[in-house]
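Below is one structure; the comments refer to it alone.
Since the structure is predicted, the reported quantities are computational estimates derived from the model, not experimental observations. We name chains A, B, ... by the order of the sequence lines, and we start the count at 1 in each one.
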Protein chains: 2
Amino acid sequence: MYSYQYPHPAVTVDCVVFGLDEARPAPSGASARGDRESRGSTLGTCDLTVLLIQRDLDPYAGAWALPGGFVRIDEGLDVAARRELEEETGVRDLYLEQLGAFGAPDRDPRERVITVAYLAIVNLFDHPVAAATDARNAGWFALDELPRLAFDHDRILEAALGRLRANVREEPIVFEFLPGKFTLRQVQSLYEAILGEPLDKRNFRKKLQETGLIVPLDEVETAVAHRAARLHRFDRERYEAVRAEGYRWNA
Amino acid sequence: MYSYQYPHPAVTVDCVVFGLDEARPAPSGASARGDRESRGSTLGTCDLTVLLIQRDLDPYAGAWALPGGFVRIDEGLDVAARRELEEETGVRDLYLEQLGAFGAPDRDPRERVITVAYLAIVNLFDHPVAAATDARNAGWFALDELPRLAFDHDRILEAALGRLRANVREEPIVFEFLPGKFTLRQVQSLYEAILGEPLDKRNFRKKLQETGLIVPLDEVETAVAHRAARLHRFDRERYEAVRAEGYRWNA
DNA sequence: GCAAAAGTGTTTATGATACACCCATGC
DNA sequence: GCATGGGTGTATCATAAACACTTTTGC
C-alpha cells in the first residue's frame with residue numbers, strides 16, 4: 001500500500017495575509033446613496049486588504065503573488081507558514097489557519113508543486129512595522145483593486161476570502177485585525193468590510209454588547225473632529241472560558 | 001523566492017470514508033431511558049461507520065488505517081483520492097471533500113510524508129457492493145468501536161468527524177448517505193447519528209418539509225412489521241437552483 | 001451654530017421549542 | 001388485540017429585524 005518508489009512533488013506553503021487599511025474616500029462614481037437609516041453606517045471606514053509580493057523570477061516574473069515558499073524537509077506545515085511570513089513581513093504573532101492543499105498538476109509550469117494554503121490575519125495596529133513590509137516588492141491591495149496574480153493564486157485568494165467570511169460569523173476573529181482598544185464603530189465597519197454588506201448600527205451594538213465579551217473602558221478615542229467614541233476591549237480569557245462550556249460566537 | 005534545491009517530501013492522500021449501517025441492538029447497559037416524548041425518536045436506528053484497512057506492511061503492520069496512497073506525479077489531488085478509493089472499495093461515484101493537509105515532520109517514521117486528507121461519503125444503498133469491500137483486510141467500524149489507528153490517522157478521523165458535523169447543518173449532505181427513496185425517519189436517525197443527540201420528531205419533519213426540497217412519493221417502505229412509512233426523495237435540481245439564488249440549507 | 005459621528009429602546013416579525021395523541025399494519 | 005412505529009398541530013418563547021432622534025465635540 002505504502003511504497004516510496006514514486007517521484008516526489010515539491011511542496012510549498014502560500015499565505016493569504018489579510019490586513020486592514022484606512023478607507024480611501026469612496027471611489028469617484030457618485031453612488032446614488034440610499035437614504036435609509038441603516039445606510040448611515042459609514043460603510044467603508046476601513047478596507048480589507050491582502051498582502052502580495054511581486055515576483056522577480058520567472059515564471060510570472062513581475063506578476064504579483066501570495067507570499068510563500070518551500071516547506072523544509074523537517075519542518076511542520078504551520079511552522080513553515082509562520083517562518084515564511086516572518087521572513088517576508090517581519091510579523092511574528094499572527095492568526096494563522098490552514099485553508100487546504102492546492103495541487104492541480106499544471107499549477108506550476110516548471111515541475112509538480114503542491115501548495116498548502118494558509119489564511120493569516122495581521123494586526124496592523126499592534127504591528128505597524130508590517131504596514132509597509134520592508135521588502136521592496138510587497139504591497140497591500142484592497143479586494144477591488146487586486147492585480148492579476150501568478151499561478152493559481154487567484155483561486156487560493158478567493159477560497160481564503162470565502163473562508164474568512166464564513167469564519168467571521170462563527171468566531172470572533174475580527175479582533176485579530178483590531179488594536180487592543182477599539183470603538184464599536186470600528187468593529188462594525190470591519191464586519192461590513194468583510195461581509196460586503198451594511199449592518200444596522202443599533203442591532204449590531206446590542207448584539208455585540210450582549211455577548212458580555214466586549215468590555216467598555218474608561219477611555220475614548222482621540223484626535224477626531226467630532227464626538228469621541230468610547231473604547232472597548234475584547235475579553236479573550238472570558239471568551240475561551242465560555243467557549244469551553246459550549247458557548248458559540250454568533251455574529 | 002521559488003527555487004528547487006530542497007529535498008521533496010512524499011505526498012499521499014488519505015480518505016475518511018463514512019458509511020451507514022443498520023444499528024445493532026443498543027449496547028447492553030440498561031440505559032435509564034428518559035421517558036420524555038422527544039426521546040421516542042429511536043436514536044440508533046442507524047450507525048455512522050468508517051471504512052478502515054488493515055495494514056500488512058511495517059510500520060504499523062496489522063494496525064488499522066485510513067485508505068489512501070501516493071499521489072502520482074501528474075495527478076491532481078482529488079483525482080488521486082478518487083482513484084485510491086476506487087482501487088480499495090470499488091466505489092466510483094461518491095461525495096468527496098478535501099479536509100486539509102497533515103504534515104507533522106514525524107508522522108511517518110520512514111521519511112517525510114505529507115498527506116492530504118479527504119472526507120468521503122459512500123452510499124451503501126445504491127452501492128451495496130462496497131458494503132463489505134472485496135479487499136480482504138477492510139472493515140466498517142462504528143465510531144464507538146474504533147480500533148487504534150496507524151500514523152496520525154486518529155487525528156485525521158477526528159477532524160473529519162468535526163467537519164461532517166459542521167457540514168451537516170449547512171448543507172444537505174445527509175442525502176449522500178441515503179438511497180434515492182427514503183423515509184423521514186431515516187433522515188432523522190441519520191442526523192441523530194451524526195450529531196450524537198436526539199431530535200424532536202415533529203419539529204424535525206416540519207422543518208424538513210418546509211424546505212420544499214423533500215418531495216413525498218406515492219410509495220411506502222416495504223417489509224416492515226408495522227405501519228409502513230411514506231417514501232420521499234431529495235430534489236437535488238431544485239436545491240441547486242434555489243442555492244444559486246442565495247438559499248442556505250439550515251438543519 | 002453647524003457638521004459629523006456617538007449613543008440609545010421599543011415594536012414587530014420570524015423562527016425555535018416544547019409537547020400528546022390517534023392511525024395503520026403485521027404478528 | 002396488541003405491539004410497533006407513522007403521522008400530525010398549536011401555544012409559547014426567544015431571537016432577529018426594522019426603525020429616528022438626542023447628545024457631544026471640534027471647527
What is the distance from [atom1] of [X] to [atom2] of [N], rounded to the nearest Å?
| X | N | atom1 | atom2 | answer |
| --- | --- | --- | --- | --- |
| B:His226 | D:dT4 | NE2 | C1' | 6 Å |
| B:Asp200 | D:dT10 | CG | P | 16 Å |
| B:Leu217 | D:dG6 | CG | P | 16 Å |
| B:Glu210 | C:dT17 | CD | C1' | 13 Å |
| B:Gln188 | D:dT8 | CD | C1' | 14 Å |
| B:Asn250 | C:dG15 | CG | C1' | 10 Å |
| A:Leu208 | C:dG7 | CG | C1' | 14 Å |
| A:Lys201 | D:dA17 | NZ | C1' | 17 Å |

Of the nucleotides D:dG6, D:dT25, D:dG9, which one has an atom closest to the side chain of A:Arg227?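 Of the options given, the side chain of A:Arg227 lies nearest D:dT25.
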Selection from C:dA5, C:dT10, D:dA16 that lies nearest to any side-chain heavy atom of A:Lys206: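 Looking only at heavy atoms from C-beta outward on A:Lys206, the closest nucleotide is C:dT10.
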On DNA chain C, check which nucleotide each of A:Glu221 and A:Asn203 is closest to and give me the residue with the more 5' one.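 Checking each residue's closest nucleotide, the 5'-ward one belongs to A:Glu221.
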Can you confirm whether the side chains of A:Tyr118 and A:Asp78 place a donor and an acceptor under 3.5 Å from each other?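 There is such a pair between these side chains.
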Do B:Tyr239 and B:Glu237 meet the criterion of a side-chain donor-acceptor pair at a distance under 3.5 Å?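 No.
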Would you mind classifying the nucleic acid contact of B:Arg205 as base, sugar-phosphate or nothing, using non-hydrogen atoms under 4.0 angstrom?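 The answer is base, as B:Arg205 lies within the cut-off (heavy atoms under 4.0 Å) of a base atom.
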Counting any heavy atom closer than 4.0 Å, what does A:Lys207 reach on the DNA or RNA strands: base, sugar-phosphate only, or nothing?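 Sugar-phosphate contact only.
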Decide, yes or no, whether a salt bridge links A:Glu97 with A:Arg163 under the criterion of side-chain N to carboxylate O below 4.0 Å.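 Judged by the 4.0 Å cut-off on N to carboxylate O distance, A:Glu97 and A:Arg163 do form a salt bridge.
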May I ask you to say whether B:Glu210 pairs ionically with B:Lys207, meaning some side-chain N is under 4.0 Å from a carboxylate O?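 Result for this pair is no, no salt bridge flagged.
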Checking B:Phe175 against B:Phe182 for the ring pair (Phe, Tyr, Trp, His ring centres under 6.0 Å) test, could you report, in this order, the C-alpha distance in whole Å, the side-chain angles of both residues, the deciding distance, and whether it holds? CA-CA 9 Å; B:Phe175 304 108; B:Phe182 49 80; 5.3 Å; yes
Want to settle it: does A:Val224 or B:Ala229 sit nearer the 5' end of DNA chain D, counting the closest nucleotide to each?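 Comparing both residues, the 5'-ward one is B:Ala229.
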Using a cut-off of strictly less than 4.0 Å, decide whether B:Arg202 has a side-chain nitrogen or oxygen near OP1 or OP2 of D:dG7.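 B:Arg202 to D:dG7 OP1/OP2: no side-chain N or O under 4.0 Å.
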Given C:dA6, is OP1 or OP2 found less than 4.0 Å from the side-chain N or O atoms of A:Arg185?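 True: A:Arg185 side-chain N/O within range (under 4.0 Å) of C:dA6 OP1/OP2.
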